[in-house]
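Contents: one structure, followed by commentary.
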Amino acid sequence: MKIFGIIDLSTIDYPKKCSAVVFMSDCNMECGYCHNYEPMKKNTYDMDPYEIYKKIDLTFADAIVISGGEPTMQPNSLKEFCKIIKKEENLPIKLDTNGSNVDIIRELIEDNLIDYLAIDVKCAFEKYSDIAHYDGNNIRNNVKELIKLCKSSNIFIECRTTYIPDKMDENDIIEIVKTVKDCDLYALQQFDREHSWKREYKLLREPTMEELIKLGGIAKKYINNVFIRSKEGVVHL
Ligand code: SF4
């Protein structure tokens, strides 16, 4: 299982829980604002999933977050790691994904291996090729399918979008929230240019809190539970 980092204790990655976070390597997208793109390329190491489990200090964690990269790029390792966590610790597991691999997530859900799914919905679907270097045509259907799967399996489903004002506008947010309206939580995240790996993104404008709150208000017309995540903190609208 290729990973590029472990955090033993985080209070921000699994809502209302203290979690340990494992960052799995590899990704099939190439988002210009990705914070993890360079650490993933430079710091990846390969270990047996059980060794990784033993390496995590779970003294204070009451949940596990599997992030990345895109964890579904390593389906066998991902599944094995979830099984180990469930068998050894029986902790809730949150999976962060870009929504590109529905079949793998379906298997995890059918095997009762995840409790929380968080999908990054990057932008309006026709903009995926620009922002994520990925064909967005299937992503819209994948996202809808994943929300349906989670709702029918009692898995908490979060969707979130990192808002980049120079690349998006409120029409993107309207298109996204109409697509994800049945999710349990929608979060608008503040684009952070400093930690973007692509030079072009380091020069783009970050949205203000006022802009995010205005967009959050638009999202609220479709979804009850809307959060803003910014450098200043988290706001529940
Ligand atoms: S999908 Fe996530 S991990 Fe992959 S490049 Fe985009 S932001 Fe980074």
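All residue numbers refer to positions in the sequence shown, counting from 1. First listed ligand is number 1; within each ligand, the first listed atom is number 1.
A cation-pi geometry, defined here as NZ or CZ lying under 6.0 Å from the six-membered ring centre and within 45° of its normal, holds between Lys41 and Tyr37.
Of the residues Asn36, Asp96, Thr97, the one that meets the side-chain hydrogen bond (donor to acceptor under 3.5 Å, both in side chains) test with Ser67 is Asp96.
Closest to atom 5 (S) of ligand 1 among all protein heavy atoms lies Cys31 N, 3.4 Å. Regarding atom 3 (S) of ligand 1, its nearest protein heavy-atom neighbour is Gly69 N, 3.4 Å. Atom 8 (Fe) of ligand 1 has its closest protein heavy atom at Cys34 SG, 2.3 Å. Nearest protein heavy-atom neighbour of atom 2 (Fe) of ligand 1: Lys122 NZ, 3.6 Å.
When distances to atom 8 (Fe) of ligand 1 are checked against a cut-off of 2.8 Å, His35 contributes no N, O or S atom below that limit. None of the N, O or S atoms belonging to Cys27 lies under 2.8 Å away from atom 6 (Fe) of ligand 1.
In this structure, OG on Ser230 lies 10.5 Å from CD on Gln189, to the nearest 0.5 angstrom. Atom CG of Asp192 is separated from atom CZ of Arg229 by 14.5 Å, given to the nearest 0.5 angstrom. With rounding to the nearest 0.5 Å, the separation of CD1 in Ile131 from SG in Cys31 is 8.5 Å.
Near Met29, meaning under 4.0 Å from one of its heavy atoms, ligand 1 places the atoms 1 (S), 5 (S). The contact set between ligand 1 and Asn98, taken as ligand atoms under 4.0 Å from a residue heavy atom, comprises 1 (S).
Contact between Ala132 and ligand 1 is absent, with no heavy atom of the residue lying under 4.0 Å from the ligand.
A 4.5 Å side-chain heavy-atom check between Lys122 and Ile176 finds every atom pair outside the cut-off.
Between Phe4 and Phe23, the ring centre distance stays below 6.0 Å.
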